[in-house]
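I have placed the structure first, in the form of structure tokens, so that the comments after it can refer back to it.
In what follows, residues are counted from 1 in the order of the sequence shown. No hydrogens, no waters, no symmetry mates; every other heavy atom, side chains included, goes into these values. Everything quoted here is computed from the prediction, not taken from an experiment.
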Amino acid sequence: MNDYFGYRENTLHAEQVSLQQIALQFGTPCYVYSRAALESAYRAFGQALAPRDHLICYAVKANPNLAILNLFARMGAGFDIVSGGELQRVLAAGGAAEKVVFSGVGKRADEMRLALQAGILCFNVESAAEMEQLDRVAGEMGKIAPVSLRVNPDVDAKTHPYISTGLKQSKFGIAYDQALPLYRRAAGMAHLRVTGIDCHIGSQITEVSPFIAAAEKVLALADQLAAENIVLEHIDLGGGLGIRYDNESPPAIADYAHALLVALRGRSAKLIVEPGRILAGNAGVLLTRIEYLKHGEEKNFAIVDAAMNDLMRPALYDAFHAIQPVQKNRHRARHYEVVGPVCESGDFLGHARELGIAAGDVLALMSAGAYGMSMSSNYNTRPRAAEVMVDGESVHLIRARETVAQLYAGEKIIG
Ligand code: LLP
């Protein structure tokens with residue numbers, strides 16, 4: 001819980017609005033975001049990086065709802081995208097193409113064309129083969145593609161292996177030792193212009209030291225490039241700053257940013273960062289209603305109307321999300337397995353949670369603003385949840401609940 005999600009008279013609120021009210025009005029499962037929380041996280045980043053030329057490129061994958069992209073765009077954000085689809089969302093939301101960096105190991109030629117046509121800031125190139133394809137595509141279009149190489153600094157981000165990306169054995173980025181020769185080749189390619197360097201070592205990182213270790217390796221490479229007259233306009237240090245889900249104590253945005261500024265002292269290149277989770281994670285909750293309680297000999301189950309398809313993180317990473325009753329202190333507390341209706345044993349949202357609840361009560365899965373809705377699926381033909389944005393006392397539906405008809409609209413029965 002934080003300044004934006006808290007209890008008033010035993011009812012959980014988002015800003016000034018009761019989450020009980022939102023569950024009634026919009027139904028469940030329903031994602032609820034706080035505009036003030038999103039904006040305050042972004043502002044904290046901006047203020048901390050203000051001493052130097054910088055660009056905050058929000059990692060769209062964390063939560064790509066147009067309303068969220070639009071809020072950040074209006075605050076001056078750039079965007080880190082990983083697909084042509086994300087680029088189209090950014091443009092639809094009023095984001096500026098000139099502030100977009102394009103990451104990802106598998107950019108297709110059509111996605112490159114889309115991004116070149118839009119005029120993005122930079123392609124973060126992740127392999128020699130991708131670099132060759134980009135040069136060819138840009139040449140065919142009579143354009144010059146701005147490029148960074150995403151370097152793999154081989155540092156341990158000390159996070160979950162599925163979201164650790166900066167180790168030698170990872171599929172991401174260009175091996176540190178190969179970066180210099182590849183930069184030399186890039187500098188000689190007719191349709192590429194080397195503009196920067198990039199790294200991203202993983203996600204939900206709760207210490208500053210891996211970021212600094214990575215930055216130092218990237219900067220050492222930038223120095224070697226400068227010695228060969230390959231001068232970089234920007235240094236992109238990726239995203240990855242963790243949030244508090246349970247009892248983690250990640251660095252404050254200001255401390256993380258300060259450490260980056262210290263590492264970059266004396267350099268004029270623009271600093272780019274690609275934060276996702278830290279901007280959106282604690283700005284959203286997922287509301288779900290309890291369908292049934294099942295009290296057993298060994299375990300008690302709270303069977304709720306949200307499931308692994310709505311919030312995949314517990315099933316996929318064994319991730320922890322705090323679970324709060326929207327109305328508290330109403331029933332005697334017991335320990336519950338909080339589970340969804342999907343036919344998989346992995347379909348759980350929380351283990352052994354102490355809750356005083358009854359069927360019909362609404363629960364809030366906290367810290368669900370990042371990688372919640374964006375990773376949701378339609379497994380078990382479950383329409384995806386509604387999304388709502390609270391702004392002070394106002395509530396806006398920012399994505400309607402899907403209908404079943406939408407789910408099979410593209411399907412055909414054969415004759
Ligand atoms: N830049 C690049 C190139 C990335 O791949 C990512 C995230 C980010 C920036 C943003 O990272 P953040 O600041 O959000 O940590 N689904 C996982 C997280 C996957 C992160 C993938 N890359 C989860 O739910 O924990």
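- When the side-chain contact (heavy atoms from CB on, under 4.5 Å) test is applied to A386, the partners found at least two apart in sequence or on another chain are C30, L397, R401.
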- request: For the pair D361 and R289, evaluate salt bridge (Lys or Arg N to Asp or Glu O under 4.0 Å) and give the outcome as yes or no after the intermediate values.
  value: CA-CA 6 Å; D361 285 3; R289 196 177 284 279; over 6 Å; no
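- In this structure, the side-chain contact (heavy atoms from CB on, under 4.5 Å) partners of S377, at least two apart in sequence or on a different chain, are N309, Y379.
- The aromatic ring centroids of H13 and Y7 lie 6.0 Å or more from each other.
- With a 6.0 Å cutoff to the six-membered ring centre and a 45° limit on the axis angle, K217 counts as a cation-pi contact of Y176.
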Listed pairs under 3.5 Å, donor-acceptor, residues 88-100 side chains, sequence neighbours left out:
unit_1 : atom_1 : unit_2 : atom_2 : d
R89    : NH1    : P64    : O      : 3.0
K99    : NZ     : G76    : O      : 3.1

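- Annotation: the span from L311 atom CG to L286 atom CG amounts to 6.0 Å, rounded to 0.5 Å.
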- request: Walk me through it: do E387 and R384 pass the test salt bridge (Lys or Arg N to Asp or Glu O under 4.0 Å)?
  value: CA-CA 9 Å; E387 288 180 292; R384 271 177 297 175; over 6 Å; no
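- Partners of K270 by salt bridge (charged side-chain N to carboxylate O under 4.0 Å, His left out), not counting sequence neighbours, listed by chain and number: D53.
- A perpendicular orientation is assigned to the rings of Y58 and F79, their planes being inclined by more than 60° (bins at 30° and 60°).
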Between side-chain atoms of residues 40-51 and protein atoms elsewhere (two or more places apart, or another chain), which donor-acceptor pairs fall under 3.5 Å?
unit_1 : atom_1 : unit_2 : atom_2 : d
S40    : OG     : Y4     : OH     : 3.0
Y42    : OH     : A77    : N      : 3.2

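- With H200 contributing its side chain and G239 its backbone, the two residues share a donor-acceptor pair below 3.5 Å.
- Every residue meeting the side-chain contact (heavy atoms from CB on, under 4.5 Å) condition with L316, not counting sequence neighbours, appears here in chain and number order: Y162, M312, M375.
- Taking a cutoff of 4.0 Å between a charged side-chain nitrogen and a carboxylate oxygen, E130 and R150 do not qualify as a salt bridge.
- Look at E126 and K107 and you find no salt bridge, because none of the NZ, NE, NH1 or NH2 atoms lies under 4.0 Å from a carboxylate O.
- When the side-chain hydrogen bond (donor to acceptor under 3.5 Å, both in side chains) test is applied to D318, no partner is found at least two apart in sequence or on another chain.
- For S249, there are no side-chain contact (heavy atoms from CB on, under 4.5 Å) partners at least two apart in sequence or on another chain.
- Figure legend: cation-pi geometry between K61 and Y371 absent, as NZ or CZ is not positioned both under 6.0 Å from the six-membered ring centre and within 45° of its axis.
- In summary, the side chains of S376 and D310 do not present any donor paired with an acceptor at a separation below 3.5 Å, with no hydrogens or angles considered.
- Using the six-membered ring where Trp is involved, Y336 and H295 have ring planes that are tilted, between 30° and 60° apart.
- Partners of R74 by side-chain hydrogen bond (donor to acceptor under 3.5 Å, both in side chains), not counting sequence neighbours, listed by chain and number: N70.
- With hydrogens and angles ignored, the 3.5 Å screen pairs a side-chain donor or acceptor of D347 with a backbone N or O of V342.
- Not a single salt bridge (charged side-chain N to carboxylate O under 4.0 Å, His left out) links D135 to another residue, sequence neighbours left out.
- In this view, H258 satisfies the side-chain hydrogen bond (donor to acceptor under 3.5 Å, both in side chains) rule with no residue, not counting sequence neighbours.
- For S103 and N124, the side-chain atoms include at least one donor-acceptor pair closer than 3.5 Å.
- A salt bridge links E402 with R399: the closest approach of a Lys/Arg side-chain nitrogen to an acidic carboxylate oxygen falls below 4.0 angstrom.
- Partners of T206 according to the side-chain hydrogen bond (donor to acceptor under 3.5 Å, both in side chains) rule, which considers only residues two or more places apart in sequence or in another chain, do not exist here.
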